[in-house]
Structure formats: C-alpha cells, structure tokens
Amino acid sequence: MSRQIDVAGKSGARYRYAPLDEDRFLAPSGANYLIGEDSEDGLKIIYAGETENLSNRPWQAALDEARRDRAAAYILTRLNVTRSIRVSEQADIVAQHAPPMNPNPAADNASAEGEGEP
C-alpha cells in the first residue's frame, strides 16, 4: 500500500496521508494519524489522532482495538511538527467524518445541554 490519500476536513481543507508500514523504524516526529478501512466509497475513517512522537506508537492501542471488529483496518500518517496545527487538523477531520472511535463533541454538548431538564 504505497498510495497517498487526500482526506477532506469540514473546513474544506484537504490533508494528504500516507499508509504506514507498521514494521519500519519510526522517527520521533509529531504527526497526525488516521485508522481507516477501505469501503465501497473509499476510505472510511475509524479514528483520528495526533501525537508529539510517532515513534512511541501512540496509535497502536487504537489500531488493535479497531482490528477486533475490522481485521483490515490500517494506519495512515501525516507529519506535522506544530502541535496547534495537528490539533486543528484532527478536529477538522473528526468534524467532517465523525470517526466512530473518536468522542463526538456535538453529541456530548447536546447531552450536556439537556442534563437537568425533565
């Protein structure tokens, strides 16, 4: 899997991700990462994350969890040094794709607003 994949955020921005060879050496770089699976409509994003240090494999637990139900799940990465850019990109992608393994801020806000009402 050597192709690059463009992922659109809710803002309309497009982000280019590349599949990650899980067995290769990973440099200690800041990055965004996606866990995805192929569907008839293309990439289905299951989880979107960001990290200060890709070499610590922060995505491994989420990938293992995703593969319990989706054996063909895989990881994609995009290097980003600046944390504020990574966080913004992650939020943009989550807002557009609502990955099932990410918390849903809109649903969390709606349920919090409804708390205490009869």
message = The test is side chain to side chain contact (heavy atoms under 4.5 Å, CB included); show your working for I93 and Y15 and say whether it passes.
response = CA-CA 9 Å; I93 290 171; Y15 309 100; 3.8 Å; yes

request  = With side chain to side chain contact (heavy atoms under 4.5 Å, CB included) as the test, would you mind laying out the steps for L43 and I45 before giving the verdict?
outcome  = CA-CA 6 Å; L43 172 67; I45 298 170; 3.9 Å; yes

inquiry  = side chain to side chain contact (heavy atoms under 4.5 Å, CB included) for L76 and L20? Distances and angles first, verdict last.
reply    = CA-CA 5 Å; L76 300 121; L20 177 68; over 6 Å; no

inquiry  = Using side-chain hydrogen bond (donor to acceptor under 3.5 Å, both in side chains), reason through Q96 and D92 one step at a time and then give a plain yes or no.
reply    = CA-CA 6 Å; Q96 177 66 22; D92 194 25; over 6 Å; no

request  = Could you go through the side chain to side chain contact (heavy atoms under 4.5 Å, CB included) check for H97 and V7 one step at a time?
outcome  = CA-CA 10 Å; H97 297 275; V7 176; 3.7 Å; yes

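No salt bridge links D23 with R57; every basic N to acidic carboxylate O contact stays at or beyond 4.0 Å. Note on R67 versus E22: salt bridge recorded, some NZ/NE/NH1/NH2 to OD/OE distance being below 4.0 Å.
Residues N102 and Q90 have side chains in contact (heavy-atom distance under 4.5 Å, counting atoms from C-beta outward). Contact annotation: the side chain of D38 approaches that of Y74 to within less than 4.5 Å [non-hydrogen atoms, C-beta and beyond]. Annotation: side chain of V94 is in contact with side chain of P99 (closest heavy-atom distance under 4.5 Å). Side chains of E52 and R86 form a contact here, defined as non-hydrogen atoms less than 4.5 Å apart. The shortest distance between side-chain heavy atoms of R70 and I46 falls below 4.5 Å. For the pair E89/E50, no side-chain contact is recorded, criterion being any heavy-atom separation below 4.5 Å from C-beta on.
In summary, of the residues considered (T77, N80, T51), a side-chain hydrogen bond (donor to acceptor under 3.5 Å, both in side chains) with N32 occurs for N80 alone.
Residues I75 and Y33 come closest through the heavy atom pair CD1-CD1, 3.8 Å. In this structure, N53 and A27 approach most closely via the heavy-atom pair OD1-O, 4.5 Å.
R68 CZ to L63 CG: the interatomic distance, rounded to the nearest 0.5 Å, is 10.5 Å.
In this structure a side-chain-to-backbone donor-acceptor pair under 3.5 Å is missing from R3 to A18.
Criterion: ILVMFWY side-chain heavy atoms under 4.5 Å apart, direct or through other members. Under it, L79 and I85 are not part of a common hydrophobic cluster.
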